[in-house]
Amino acid sequence: MKQLTNIELAHLLRKVAAAYQILNENRFKIIAYDRAADSIEHLTSEVKDYWDDGKLGEIPGVGQGIASYLDELFRSGKVAHFDDLMKRIPARVFTLLLVPGLGPKKAYRLVTELKLGEKTVIADLEKAAKAGKIAPMEGFGEKSEADILVNLDTYKRGAIKENRMALSTADGIATEVMAFVKKGGAVEQIDRLGSLRRQVSTIGDIDLAVATTKPEQVTEHFVTYPHQKLVEKGPGGATLLLHNGRQVDMRVQHPKKYGAMLQYFTGSKNHNIKLREHGLARGLSLNEHGIKNVKTGKLTPYSTEEAFYKAVGLPWIPPELREDRGEIEAALNKKLPNLPDVSDIKGDLHMHTSYDLQSSHDVGRNVLSEHLDRAAELGYEYIGISDHNPSLAKHSATEIATIMKKRFAFYKSEEKKSKSGVHVFVMCEVDIMPDGKLALPKEAFEHVDAVVVSLHSSFTQDKKTVTDRILTAFAANPKVRIFGHPTGRLLGSREGVNADWPEVFAAAKKYDIALEINSSPQRLDLPDILVYDAVHVGVRFTIDTDSHGLESMDLMRYGVSVARRGWVQKGDIMNALGYTEFKKWLTK
DNA sequence: GCCGTTTTCGGCCCGACTGTTTTCAGTCG
């Protein structure tokens with residue numbers, strides 16, 4: 001049997017939830033299946049691995065019932081109960097669920113009452129809407145019929161496919177819009193909301209919040225920001241579709257109630273659910289306007305998030321942690337991590353200069369002295385230059401050693417000449433070849449202080465092969481100190497490798513190799529959820545920019561955001577160490 | 001169906017919006 005991925009399992013459980021909804025099952029049962037699906041989708045290990053270890057019950061939201069169905073699935077390839085269920089719901093109902101505005105109940109009624117065809121369900125629905133057959137149906141109407149046509153169009157354009165932008169892109173747009181909004185006056189405070197405030201690696205819409213006593217004035221000014229379409233405007237704010245196709249939603253709120261709104265719209269959904277459960281257990285009902293005492297019905301507004309969290313007996317929780325990964329429990333036990341700040345970073349170990357190392361990969365655009373001056377401006381004590389290794393195809397091992405020796409001498413003399421006061425580590429980013437061997441001959445290692453090893457090819461190897469490959473590389477040479485952009489993912493264009501991460505983390509710990517958190521907005525690799533797993537088994541990190549030009553040196557903050565989302569503390573970050581301590585670690 | 005600092009039974013997040021309603025159901029975030 002083809003092994004089911006977590007995404008496929010989540011999809012299956014969501015289908016079960018939808019089927020139950022159509023069949024008017026207990027709504028909490030439906031929620032339970034949806035929650036289990038959500039939980040499985042966000043796991044960093046395969047559900048199959050939990051099953052192998054007999055630990056299905058450890059997955060949050062998976063209890064005895066769902067665990068026994070999953071067990072049946074892994075044993076026999078199917079679940080009799082689910083199959084029975086699916087027999088009662090035509091498959092085309094699930095297709096319609098992809099149309100915005102259609103949930104299980106409406107989809108089911110449309111399919112059955114209009115007798116929509118299995119293969120032609122979308123076309124049939126469109127035909128029915130155009131023929132005016134939907135409006136007379138009970139619970140539907142003229143508006144519903146028109147909406148369905150609009151939403152079908154959205155569906156067909158594929159607009160509901162994930163179309164998320166890089167965090168840095170969203171950040172840039174937000175900064176610009178926020179400056180514009182401030183110029184309009186009456187802004188007491190302005191903040192990012194949602195995934196942007198939580199610094200998620202990819203962002204859908206840009207959400208902003210403004211505290212003001214003059215909401216109309218702020219909104220009227222906001223809607224004069226250059227746009228292609230005013231999507232919505234009301235007393236609570238407005239939404240604009242910008243010329244770049246991105247949507248910006250701005251909400252306005254009175255300063256007295258601002259804290260509750262900021263908390264509510266920062267999310268995440270799962271964090272808020274957990275927080276509201278926590279509040280309810282204390283007789284407090286939380287919403288976007290404030291906190292209601294369940295007994296008295298009295299609603300108290302909060303001007304700040306700090307006061308809002310305090311009211312439910314918790315310290316303020318940094319937005320990056322609000323993903324329901326144990327942050328509420330940690331807050332209760334006063335065990336919240338002390339998150340790092342970009343100012344804690346004392347050096348950048350992964351940069352490429354324009355020095356021609358005769359590599360098959362790309363070189364940088366600036367010379368070392370420029371990097372050193374910029375590093376001094378950023379307050380760094382040291383940098384590491386990790387140019388790509390010379391091409392193996394074009395040179396013999398001896399030639400490569402010579403090339404590397406010459407470079408080492410050049411960089412060292414440049415370091416001496418520089419007035420920046422910043423120290424240089426002469427490093428190298430070495431390819432991990434498909435068999436795990438390093439693409440730098442042994443004799444060349446004499447001419448580097450340390451190396452970063454990275455995957456740049458064969459990203460689709462199977463789990464065992466790629467895991468062995470990484471472990472082989474770790475053991476190849478004691479100068480291997482950093483594992484660069486570990487998964488190799490490129491956001492929106494390439495999946496990372498499918499390694500056995502717990503095994504990789506154990507090996508990193510064993511060899512004291514730091515995992516890189518690559519700050520490049522297209523990478524943000526190691527991904528935050530894997531950082532979270534790694535940090536909890538004691539792995540340490542470097543946060544680097546992988547700069548190929550000076551301007552990228554400013555992107556360090558995005559790597560720090562990933563670290564914060566992964567619960568990393570300053571002590572877990574090697575390049576938060578001062579020069580002497582760091583050198584001791586790097587060159588030991 | 002899940003789960004435990006009120007609970008192994010009896011709860012389960014909250015509100016906005018929409019359309020069709022005359023008190024609510026479905027969908028969404």
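Protein chains get the first letters and strands the later ones, always in sequence-line order, with residue 1 at the start of each.
Rounded to a whole Å, the CG atom of Leu102(A) is 13 Å from the P atom of dG19(B). Atom-to-atom, CE of Met137(A) to P of dG26(B) comes out at 13 Å; the value is rounded to the nearest Å. One interatomic measurement links the two molecules: CG of Leu56(A) to P of dC3(B), which rounds to 13 Å at whole-angstrom precision. To the nearest angstrom, C1' of dC14(B) lies 16 Å from CG of Asp34(A). Counting to the nearest Å, the P atom of dG4(B) and the CG atom of Leu280(A) are 16 Å from each other. With rounding to whole Å, Ile291(A) atom CD1 is found 13 Å from dC13(B) atom C1'. Rounded to an integer number of Å, the gap from Leu97(A) CG to dG26(B) P is 14 Å. Taking atom CZ of Arg109(A) as the reference point, atom C1' of dG19(B) lies 13 Å away to the nearest angstrom.
Nucleotides dT20(B) and dT27(B), compared at atom P, are 14 Å apart to the nearest Å. One P atom belongs to dT5(B), the other to dC12(B), and the distance between them is 16 Å to the nearest Å. For the P atoms, the distance linking dG19(B) with dC13(B) amounts to 28 Å, nearest Å. A distance of about 13 Å separates the C1' atoms of dC2(B) and dT7(B), rounded to the whole Å. Across dC14(B) and dC9(B), the matching C1' atoms stand 25 Å from one another, rounded to whole Å. The gap from the P atom of dG1(B) to that of dT6(B) amounts to 27 Å, rounded to the nearest Å. As rounded to the nearest Å, dC28(B) and dT23(B) have P atoms that lie 26 Å from one another. Nucleotides dT21(B) and dA16(B), compared at atom P, are 23 Å apart to the nearest Å.
If you check the side chains of Arg322(A) and Ser268(A), you find no donor sitting under 3.5 Å from an acceptor.
Using a 4.0 Å heavy-atom distance criterion, Asn26(A) is classed as a base contact. When heavy atoms are screened at a 4.0 angstrom cut-off, Ala281(A) is found touching base atoms of the nucleic acid. Glu142(A) comes within 4.0 angstrom of the backbone, heavy atoms only, and of no base. Residue Tyr108(A) is out of contact with every strand shown, counting any heavy-atom pair closer than 4.0 Å. Using a 4.0 Å heavy-atom criterion, one finds that Arg35(A) contacts the sugar-phosphate atoms exclusively. Residue-level contact check: Leu286(A) touches the backbone only, with heavy atoms under 4.0 Å from sugar-phosphate atoms and none from bases.
If you check dC24(B) for Watson-Crick or wobble pairing at under 3.5 angstrom, you find it paired to dG19(B).
Comparing dG15(B), dG19(B), dT6(B) by their nearest atom to the side chain of Lys292(A) picks out dG15(B). Of the candidate nucleotides dG1(B), dA16(B), dC14(B), dG1(B) has the atom nearest to the side chain of Lys29(A). Of the listed nucleotides (dT6(B), dA16(B), dG26(B)), dT6(B) has the atom at the smallest distance from the side chain of Arg282(A). Candidate nucleotides dG19(B), dC14(B), dC2(B) were compared by shortest atom distance to the side chain of Ala32(A), and dC2(B) ranks first. Minimum atom distance to the side chain of Glu277(A) is reached by dC12(B), of the listed dT27(B), dT6(B), dC12(B). Distances from the side chain of His289(A) to the nucleotides dC2(B), dT27(B), dA16(B) place dA16(B) closest.
Look at Glu323(A) and Arg198(A) and you find a salt bridge, because one of the NZ, NE, NH1 or NH2 atoms lies within 4.0 Å of a carboxylate O, short of that distance.
Arg192(A) places no side-chain N or O within 3.5 Å of a backbone atom of Ala174(A) that could act as its donor or acceptor partner. Looking only at distances, no side-chain donor or acceptor of Thr219(A) sits under 3.5 Å from a matching main-chain atom of Glu216(A).
For the OP1/OP2 pair of dG19(B) and a distance below 4.0 Å, the side-chain nitrogens and oxygens of Lys143(A) include at least one atom meeting the criterion. Proximity of Arg251(A) to the phosphate of dG29(B): no side-chain N or O atom is located under 4.0 Å from OP1 or OP2. OP1 or OP2 of dC13(B) has not a single side-chain nitrogen or oxygen of Ser285(A) nearer than 4.0 Å. The side chain of His278(A) contributes no N or O atom lying less than 4.0 Å from OP1 or OP2 of dC12(B). Using a 4.0 Å cut-off, no side-chain N or O of Lys269(A) falls inside it from OP1 or OP2 of dG29(B). Distances shown here put a side-chain N or O of Asn287(A) below 4.0 Å from the OP1 or OP2 atom of dG15(B).
Using cut-offs of 30° and 60° for the angle between ring planes, the Tyr302(A) and Phe308(A) rings count as perpendicular.
Contact annotation: side chain of Tyr264(A) to base of dG29(B), donor-acceptor pair present below 3.5 Å.
Not less than 6.0 angstrom separates the ring centroid of His254(A) from the ring centroid of Tyr258(A).
Residues Glu41(A) and Arg14(A) have side chains in contact (heavy-atom distance under 4.5 Å, counting atoms from C-beta outward).
Remark: of the listed residues Glu320(A), Gln199(A), Gln569(A), Glu320(A) is the sole one forming a side-chain hydrogen bond (donor to acceptor under 3.5 Å, both in side chains) with Arg564(A).
Take the nearest nucleotide of DNA chain B for Ile273(A) and for Gly61(A): the residue whose nucleotide is more 5' is Gly61(A). Both Lys274(A) and Gly141(A) sit near DNA chain B, but only Lys274(A) has its closest nucleotide nearer the 5' end.
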